[in-house]
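Chain naming here is simple, since letters A, B, ... match the order of the sequence lines and numbering starts at 1 in each.
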Amino acid sequence: MKGENPVTPVDGIPLVAMDAAIEVADLRKTYRGRRTGEVRAVDGVGFRVEAGEFFGILGPNGAGKTTTLEIVEGLRKPDSGEVRLLGRRPWPHSAELTARIGVQLQASSFFEFLTVTEQIETFARLYGASRERAAEMLEQVGLAEKAGVRCEKLSGGQQQRLSIACALVGDPELVFLDEPTAALDPQARRNLWDLMRAINADGRTVVLTTHYMEEAEALCDRVAIMDSGRILAVDSPAELIRELDAPTRVTVAAGQLDEDRVCELAAGDEFVLDGDEVVFETRDARKLLTALASEGALEGLAVRTASLEDVFLHVTGREWRE
Amino acid sequence: MTVETARPERARPGGARAYLALFKATGLGWLRDRSQVFFTILLPLMFMVLLSSVFGSTDSTVPRVLEVGEAPVLDRAEAGEFEIEPAASLDEALTRLEDGEADAAVVQDGQSVTIHHSQANSTAGAIALGKLSALVDRANVDRLSAAAPGEPVLEIDTAAAEGTETRPIQYLAPGILAWGIAISGVFGAAGTIVDWKRDKLMRRLRLTPASVGNFVGAKISVNLAVALVQTAVFLAVAALLFGLELSSWTWFAAPLVLTGTLAFLAIGVVIGGIAKTGPGAAGLSNLVTMPMAFVSGAFWPLALSPDWVQAMSYLSPMRYLNEALQQVVVYGDSPAAVLPQVGILAAFAAAVALIAWRTFRFDEL
């Protein structure tokens with residue numbers, strides 16, 4: 001280990017430090033449990049995150065997202081593989097590197113019995129930030145009114161916000177968010193989305209793990225789809241979906257069209273006629289919709305384009321499970 | 001997408017600032033945790049009230065003495081000195097002693113006085129024995145003085161002798177204090193470790209510029225500060241409400257409880273490393289501290305314990321803390337006299353800390 005040299009090529013894989021916030025090459029981590037036997041939690045993971053990017057790691061529970069993140073952050077040592085954060089190895093602990101990184105862990109980790117203000121001011125001092133900065137962060141995450149409340153009294157969403165405020169208080173360049181929206185109600189989740197967008201818009205690189213498809217689709221510039229310890233695909237959500245080249249599913253209520261007409265409209269594409277609805281799988285949604293409109297057969301209309309869920313099904317060969 | 005390159009000036013993170021912030025945060029947390037305050041401050045005081053009333057009741061009551069047949073020596077007793085009841089035979093008297101109905105039985109055969117003292121209530125029996133011996137001595141002195149009127153005799157003043165005997169509070173206070181220090185150290189450290197496993201705070205702090213050493217150091221400092229406060233409050237209450245006389249070396253209790261706390265914290269860390277849950281940690285802590293307290297001489301004098309307990313006591317760090325506190329605080333011995341105890345406590349702390357370090361699985365935090 002040459003430690004200080006940020007551009008050491010590793011195992012023939014050249015790592016170029018310029019402009020990359022994170023470079024990860026061929027990470028492996030196997031857990032050996034007495035009952036579970038060997039579990040390959042991370043099995044040859046590699047990716048690169050550019051400075052300023054919003055990068056998502058998407059996968060079901062147990063896919064290896066958190067272990068990957070913990071290795072990248074420097075909390076765990078991989079069995080093999082290399083990590084560079086802002087050009088440096090995250091292990092061993094370095095005050096210079098951790099000062100530039102903000103972390104929100106899956107479980108909210110707070111000092112017991114402290115108020116919101118005391119909590120964030122403690123973190124502020126650890127990062128060498130001012131009390132004003134701490135107050136600003138509470139403002140930004142919308143917790144200014146809760147300043148005097150004990151942390152254990154906060155709702156799940158508020159705790160996550162405080163956790164994120166603590167991650168931001170040191171003005172980091174790189175922010176890790178590990179499933180911040182898990183177990184939140186839809187309203188709280190949407191609120192958090194706005195916050196995460198704002199963090200990224202400030203110029204910070206954001207790495208988010210999530211098992212919510214629509215979250216990854218809504219927020220991430222690029223997404224790594226992960227399952228069973230491997231990354232199966234990496235690209236922007238739009239590109240992943242486009243590459244899938246999946247048909248659009250158009251549904252209307254049955255009874256508006258007779259079977260011959262349905263067959264005619266499908267024009268060679270797949271369709272399903274089941275009791276009370278007709279489902280077309282078309283490559284040319286515009287033409288089909290125009291035809292349906294002119295027939296006046298739009299009752300019960302639903303149009304569903306392919307999503308990351310279909311991408312997941314395609315790359316893993318199995319249904320999405322949350 | 002660009003990253004701002006001009007970063008605002010800020011204080012260098014980590015170091016003393018981080019330590020102080022962490023000390024404040026953990027200290028505030030401790031103060032606000034009512035169960036901790038109860039456990040470390042109030043519980044030992046409750047024990048002192050309880051134990052001093054149990055042990056203290058024996059020396060305030062009048063010894064109950066059985067007069068077997070005729071025992072003229074008892075006629076010399078002052079009014080209210082003994083509660084004398086007649087017993088028809090020695091057998092009857094011994095049975096009543098066994099049942100705890102009396103503290104001693106007196107048989108007089110001419111010049112020979114035999115005192116049977118209670119084993120059922122050994123403390124009361126011993127007190128009765130002492131007072132009866134004094135009574136016999138007084139009778140002898142009177143006779144000798146009558147036989148040789150000009151001869152000066154040594155006077156025994158039993159009232160003054162009672163004032164200087166070891167009162168229960170004098171050995172109870174150091175013992176209960178040692179026990180209080182032990183449980184707050186062991187339970188505190190074990191509970192903290194289990195909390196850290198659950199809330200992952202340690203993990204979060206490892207990702208700040210502050211080092212883990214800062215945090216562990218702050219946590220230990222809070223525990224040491226708590227031990228000092230605990231000692232001060234306890235000794236103040238013992239002195240003001242229970243009449244414990246503090247020696248001029250009492251201040252040396254501070255380094256003693258600090259060394260003791262380190263040893264007990266180390267034990268707690270080992271327990272916290274093994275336990276998975278809060279109740280598990282509490283159970284294991286009890287399993288360790290209870291026997292440690294019982295064999296340490298903290299609650300009753302080791303001299304009254306069986307040999308095997310006395311032998312076991314050498315393994316209990318509480319014994320050394322108790323002994324040292326008693327010598328320095330109660331008997332006023334100089335710190336030099338308890339250096340062996342301090343040395344053993346320190347060695348114990350170091351040895352257990354080493355075990356904790358070797359067996360601890362840091363990735364669980």
| Step-by-step side-chain contact (heavy atoms from CB on, under 4.5 Å) determination, A:F123 to B:T208 | CA-CA 8 Å; A:F123 274 97; B:T208 67; 4.2 Å; yes
| message | Using only atom types and a distance under 3.5 Å, with no angle test, would you say the side chain of A:S109 pairs donor to acceptor with the backbone of B:D199? | response | yes
| task | Inspect the surroundings of CD in A:E139 and state if more than 12 heavy atoms from other residues, nucleotides or ligands are less than 6.0 Å away. | result | no
| query | If you measure from the Lys or Arg side-chain nitrogens to the Asp or Glu carboxylate oxygens, is any gap between B:R203 and A:E70 under 4.0 Å? | reply | yes
| query | Should we say atom CZ of A:R197 is surrounded by more than 12 heavy atoms from elsewhere, each under 6.0 Å from it? | reply | yes
| field | Enclosure of A:K146 NZ (heavy-atom neighbours >12, cutoff 6.0 Å) | value | no
| request: Can you measure from CD (A:E118) to CG (B:L28) and round to the nearest 0.5 angstrom? | output: 5.0 Å
| What's the shortest heavy-atom distance between B:G29 and A:F113, and which atoms? | O-CD1, 3.5 Å
| Would you say B:K24 and A:T122 make side-chain contact, with heavy atoms under 4.5 Å? | no
| message | Less than 4.5 Å apart, side chain to side chain, heavy atoms only: is that true for A:T115 and B:R32? | response | yes
| Relative to chain B, which segment of A:R133 carries a heavy atom at a distance below 4.5 Å: side chain, backbone, both, or neither? | neither
| task | Please state whether the side chain, the backbone, both or neither of B:F23 comes within less than 4.5 Å of a heavy atom of chain A. | result | neither
| Once you round to the nearest 0.5 Å, how far does CG of B:L205 lie from OG1 of A:T98? | 11.5 Å
| said: A:L75 vs B:R206, test: side-chain contact (heavy atoms from CB on, under 4.5 Å). Steps then yes/no. | reply: CA-CA 8 Å; A:L75 280 177; B:R206 267 161 67 192; 3.9 Å; yes
| said: If you compare all heavy atoms of B:P209 against all heavy atoms of A:A95, which two are closest, and at what distance to 0.1 Å? | reply: O-CB, 3.6 Å
| message | Within a 6.0 Å radius of atom CZ on A:R28, are there more than 12 heavy atoms belonging to other residues, nucleotides or ligands? | response | yes
| note | Closest non-hydrogen contact found for A:H93 with B:S211 is CE1-CA, 4.4 Å
| Does the B:R204 side chain pair with the main chain of A:F110, one donor and one acceptor, at a distance under 3.5 Å? | no
| Heavy atoms, side chains only, cut-off 4.5 Å: are B:L22 and A:L126 in contact? | yes
| query | Does A:I101 reach the side chain of B:L207, with side-chain heavy atoms less than 4.5 Å apart? | reply | no
